[in-house]
Amino acid sequence: MFHQSTYFVGCVGLMIVGLYTMLTKKNLIKVIIGLSLFETGIYLLLVVVGYIQGATAPIFSRTTGSPAEMVDPTPQALVLTAIVIGVAVLALALSLTIRLHEHYGTLNLRKIRGLKW
Amino acid sequence: MVAVLLIIVPLGLAFAMPLFNFVSKRIAAYLPIAAMVCNLILSILLLPSVMENTRIVILGGLPPPLGIHLVAGPLGVGLSGLISLVGLAVSIYAWGYIKQGAQDKYHALYLLLLSGATGAVLTGDLFNLFVFYEILCISSYALVAYLGDRNGVESAVKYLIQGSVGSGLILVGIAILYGMFGTLNMAQIAIHIDNVDSPALFLALVLLVTGFGVEAAIFPLNAWLPDAHSSAPSSISAILSGIAIKVGIYAVARVLFTIFGVAVVFQYVLLLGLATLLIGEICAFSQDNIKRMLAYSSVGQVGLIVFAMCIATPDGVGAGLLQLVSHALSKAVLFLGVGYLVARSGSMSLSSLNGIGKRMPVVCFACVVAAFSLVGLPPFVGFAGKFLIVRAALAGKSIFFTVLIGIVFLATVVEGAYFFRMVQTLYFKDAKRQIEYKKVPASASIPIMALVVFIVALGVYPDVLLPYLKSAAADLLNKAGYIKEVLG
Amino acid sequence: MRILISCVLLVILSLGLVFALEQAPFGSNQIDNADKPGRFYLNQGMEKTGAANVVTSVVVTYRGFDTLGEVTILFIAAIGLGAVFHSRKKVKRYEKEKQSASLILQTGCRFLFPLIVLFGTYVFIHGHLSPGGGFQGGVIIASAFLLLFLGCEEKKIPMKSMNTVESLAGIIFVGIGLAGLYWGESFLENFLPRGMDYMLLSGGVIPIIYIAIGFKVGAELAGIVAGLIERNP
């Protein structure tokens, strides 16, 4: 249906949107949203990398399942790990954001300049 | 098979920490000490046998190309010994130093940081390296913000954002490599890379080096380091400077030498290392805040280590590894010592430490020894490191390297200037105001002095380390040997 | 200026990425060879481990060390959050506006809570047979706690028992790994009989590890959610 590189363009596009958000936005929450988008793009990329044309999910059952018609299970395991790592980073980032807001009363990164270069 | 315990013991003790807390709150501080003693003994016992032949530790019941495995080679076990030595010193120090905040959480995070570092240097699987690297990074984000003060939280946020983008780039690099070769085993990827010549590989290399370079603080990626190292509690600064950066350097070196092994790139990374060295030392010279000065000095030293490794001869890599050991010991002593100096004088400004050397003789003496070792003065280990680097760089007799060594000497002069300024401040200036003298507890002075003994002993007898450095350098550089050991 | 520079950087990065990914075309079979791990897992994973869900057998046994690492990372996030929040002053700003939820909402939440927990438990117990597993089930359980926090304001979760569950589950995971080292040949090796295919009791240690992970992830994420919405006792 689609040209095959459409999928890659989607993943890379999501990553780029995330990075662009991180680079240009001033609000820390928006930066964290950008980080989240960037990571989502990477997860999609990992899944897409493991896909094999016409294959199904790598789960056997009594009626169906031949190993030749299944996609590669390894990237799916990697994505699971990567998602959990992303969740952990997100939780820590949000908790630090709460503390930062208590100290400065703002989340504007241009105003949070306690440490000079 | 025993090598897996190096990772599992700290991990298991950290998992069990909440249970120990029900028995007594005071056990928490002893657990890191116990785990590090155990790791140190294990590493020392393992080292002679892995010197002869690398041990492959299978995990999950499948042989190397299929499952995850650990590679207990001279480099991995040697680094884990270094990690447990510095970790032991810092955990004894933290026992008396950490008095505020949730102490049990501090000790659990600290144990996890060390097990992440140990896992990263031992593993033989690219994705597993990423996972342990993340354990190291995420626990250090949390530990930098441990005190919850303004600077700590702000620098932790900076560190977290830059570190996460770096880890994202590593994942993209892994995805590209997996898409091309269908495997994550470092040795198997290394075989395939030799047979393929494609620009996509160059992109994967750049992404991996950039991602791991964030933790290693190679030049354009070091913006987080001075903030994070200066705002963290001093024991954490010591472990970040002494251990965390080294794991980053290890990962970059593994990717560059073992997985890719493309000689063309070494020159560029070498120049990056030189830039890191110059910028770090010059920024350190202009600092008044003593912990920021030490942090920038770490940046400079990282540059020197990367420079030495990218000479890419066995001598050069060995010299880089010796410099790595020297920096880990010396910078740990400096941060630990300065932690108490700062706590007593109440300010991180260099001028507030005027004449403190007469009041706190032991700590200041240790700091001076460590500073001299970093500058590269003779009876200390830093001299041996720098001497070997210069010898390795000049071995090829090329004009290019002679010019570069000139720049390294220039950076060393700058380094000497600010460390001598520090010594002058500590001893030869009169105190403007009376500092209340309180004895430094034995839990601080004993580990500091123990590390100082190592600095002096290794400086007098560097020959003890040379055979280990030689086989560790071979472990890193000899791509064919690594592949053969892992895949048989 | 800032926008311009970032645009240029990102265009370069995206062109490079798309170009590089052309080398591994979409849908191509990169595990064509029998010595590639992915192919091996598909061909022999079912026979070796007895788990019908190949992804689960990869996650729990072959790449089990990664999973141990990822459980550790969640643990770090949970205690890191506790450490960061430890020294903060109690914020009393929202006290005034607080209004308890209506009776219907409260009853609904209490009614749904056990059902969601049951569903989560189902997902992690059947992780080796169907899509799902310890992480997914744990997240579902944590969402039940989130519902409870949102609906029933006065509910507090007992942090002490949460910590105990978390810690015990972690120790069980490590302990099973060490038992594999003791009775088998390597860490995290399957040392139990693999059981009947497609039945609940199959896959050897996989269900046990996934149950431990389910409890651990559920407790940790519930703790993280509780910490973020200031409901720690």
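Below, each value reflects all heavy atoms present in this structure, side chains not excepted, and no hydrogens, waters or symmetry copies. Quick caveat: nothing in here was measured; it's all calculated off a predicted structure. Chain identifiers are assigned alphabetically (A, B, ...) following the order of the sequence lines, protein sequences preceding nucleic acid strands; residue numbering begins at 1 within each chain.
- Of all heavy-atom pairs between B/Gly182 and C/Pro37, the closest is O-CD, 3.5 Å.
- Your options are B/Gly148, B/Ala14, B/Gly101, B/Gly67, and the one with the most heavy-atom pairs under 4.5 Å with chain C is B/Gly101.
- The contact between B/His192 and chain C is made entirely by side chain atoms (from C-beta outward), counting heavy-atom distances below 4.5 Å.
- In the displayed structure, C/Leu201 atom CG is contacted under 6.0 Å by at most 12 heavy atoms of other residues, nucleotides or ligands.
- Using a 4.5 Å cut-off between non-hydrogen atoms, the part of residues 166-176 of chain C that approaches chain B consists of C/Ser167, C/Leu168, C/Gly170, C/Ile171, C/Val174.
- Residues of residues 177-192 of chain C placed with any heavy atom under 4.5 Å of a heavy atom in chain B are listed by number as C/Leu178, C/Leu181, C/Glu185, C/Ser186, C/Phe187, C/Leu188, C/Glu189.
- Considering only heavy-atom pairs separated by less than 4.5 Å from chain C, the leading option among B/Val131, B/Leu11, B/Asp104, B/Asn128 is B/Asn128.
- Inspection of non-hydrogen atoms places B/Leu112 of residues 111-121 of chain B under 4.5 Å from chain C.
- Looking at B/Leu66, both its backbone and its side chain come within 4.5 Å of chain C, counting heavy atoms on both sides.
- Of residues 60-73 of chain C, those residues lying under 4.5 Å from chain B by any heavy-atom pair are C/Thr61, C/Tyr62, C/Arg63, C/Phe65, C/Asp66, C/Leu68, C/Gly69, C/Glu70, C/Val71, C/Thr72, C/Ile73.
- Between the B/Tyr146 side chain and the C/Gly80 main chain, no donor and acceptor come within less than 3.5 Å of each other.
- Neither the backbone nor the side chain of B/Leu143 comes within less than 4.5 Å of any heavy atom of chain C.
- Both the backbone and the side chain of B/Phe127 come within contact range of chain C, with heavy atoms under 4.5 Å apart.
- Contact annotation for B/Asp125: only side-chain heavy atoms (C-beta onward) come within less than 4.5 Å of a heavy atom of chain C.
- Heavy-atom distances place both the backbone and the side chain of B/Ser139 under 4.5 Å from chain C.
- The contact between B/Leu5 and chain C is made entirely by side chain atoms (from C-beta outward), counting heavy-atom distances below 4.5 Å.
- Interface residue B/Leu62: only side-chain heavy atoms are found under 4.5 Å from chain C.
- In this structure, chain B has a heavy atom under 4.5 Å from the side chain of C/Lys216, while its backbone stays farther away.
- With a 4.5 angstrom heavy-atom cutoff, B/Leu203 touches chain C only via side-chain atoms.
- In terms of heavy-atom pairs under 4.5 Å with chain C, the best-connected choice from B/Ile135, B/Ile58, B/Thr183 is B/Ile135.
- How far CD1 of C/Ile79 is from NE2 of B/His107: 12.0 Å, rounded to the nearest 0.5 Å.
- Side chains of B/Tyr141 and C/Ile76 form no contact here, defined as non-hydrogen atoms less than 4.5 Å apart.
- Cation-pi geometry between C/Lys36 and B/Phe181 is not satisfied (NZ or CZ under 6.0 Å from the ring centre, within 45° of the ring normal).
- The candidate from B/Ala145, B/Ala142, B/Gly60 with the greatest count of non-hydrogen atom pairs under 4.5 Å with chain C is B/Gly60.
- Contacts of B/Val153 with chain C are absent, with no heavy-atom separation under 4.5 Å from either backbone or side chain.
- The residue among B/Ile8, B/Thr123, B/Ile7 with the most heavy atom pairs within less than 4.5 Å of chain C is B/Ile8.
- Taken to the nearest 0.5 Å, the CZ atom of C/Phe85 stands 12.0 Å off from the NZ atom of B/Lys105.
- C/Phe40 CZ: more than 12 foreign heavy atoms inside a 6.0 Å radius.
- Looking at B/Gln188, the atoms closer than 4.5 Å to chain C (heavy atoms on both sides) all sit in the side chain, from C-beta outward.
- Annotation: maximal heavy-atom pairing with chain C below 4.5 Å, among B/Ala204, B/Gly12, B/Ala156, B/Ser198, occurs at B/Ser198.
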